[in-house]
Amino acid sequence: MVRSLWNAATGMNGQQMNIDTISNNLSNVNTVGFKQHRAEFEDLMYQDVIHAGTPATEDTVTPVPLQMGSGVKVGATQRIMTQGSL
C-alpha cells in the first residue's frame, strides 16, 4: 500500500515538473532568442518481488522475475535547439 502511494507521488511530482516546463515555454514564446525546454524522465530502481526459478505450482517454476518499480524522477531538462522564425 505505501509503495503504491510512493510511486503515485513520484509520478505526480514528475508531471508537475513537466507542466512547469511547458508553462515556462509558453510564457517566453515571444522572447527573442528563447530556446524551449523539454523535461526528460527516468525510472527509479526496480526490485524483484518474485525471483526467477521460484516454484509457482507443484509442477512449474516462474520463468522470469516479477519486478516492481520505485517510481519516476526528472532526469534532465533538455534545451531544444531548433531555428525560430525570421
Side-chain angles (χ1 to χ4, degrees):
M1 172 79 176
V2 175
R3 184 182 301 180
S4 61
L5 290 176
W6 174 256
N7 288 347
T10 60
M12 288 188 292
N13 286 336
Q15 189 62 27
Q16 182 63 45
M17 179 64 177
N18 192 26
I19 290 172
D20 290 344
T21 304
I22 291 170
S23 65
N24 185 37
N25 290 339
L26 288 174
S27 66
N28 290 309
V29 72
N30 290 327
T31 304
V32 177
F34 177 76
K35 298 297 182 186
Q36 66 180 352
H37 293 82
R38 179 178 51 212
E40 295 183 354
F41 300 98
E42 295 178 353
D43 288 339
L44 295 178
M45 226 177 199
Y46 281 91
Q47 298 173 342
D48 286 343
V49 178
I50 299 175
H51 299 286
T54 304
T57 63
E58 198 171 290
D59 299 328
T60 61
V61 296
T62 307
V64 294
L66 175 65
Q67 295 181 333
M68 231 179 221
S70 298
V72 67
K73 73 171 187 169
V74 177
T77 53
Q78 178 184 8
R79 187 172 304 230
I80 301 172
M81 301 296 282
T82 57
Q83 180 177 354
S85 60
L86 298 175

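Predicted model, so just to flag it, every value in this text is computed and none were measured. Index from 1, following the sequence.
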Residue pair Val29 / Asn25, side-chain heavy-atom distance below 4.5 Å: no
Pairs where residues 6-19 contributes a residue and the test side-chain hydrogen bond (donor to acceptor under 3.5 Å, both in side chains) is met, not counting sequence neighbours: Gln16-Asp20
Side-chain cluster (under 4.5 Å, hydrophobic types only) that Met12 belongs to, other residues: none
Nearest-0.5 Å distance, CZ of residue Arg79 to NZ of residue Lys35: 9.5 Å
Scan the side chains in residues 58-66 for donor-acceptor partners under 3.5 Å anywhere in the protein, sequence neighbours excluded, and list what turns up.
from, atom 1, to, atom 2, distance (Å)
Thr60, OG1, Thr57, OG1, 2.8
Thr62, OG1, Thr54, O, 3.1

Would you mind writing out the side-chain donor-acceptor pairs for residues 67-78 within the sub-3.5 Å range, not counting sequence neighbours?
from, atom 1, to, atom 2, distance (Å)
Gln67, NE2, Asp48, OD1, 3.2
Ser70, OG, Met45, O, 2.8
Gln78, OE1, Arg38, NH2, 2.8

Results of side-chain contact (heavy atoms from CB on, under 4.5 Å) for Thr31 - residues two or more places apart only: Asn28, Phe34
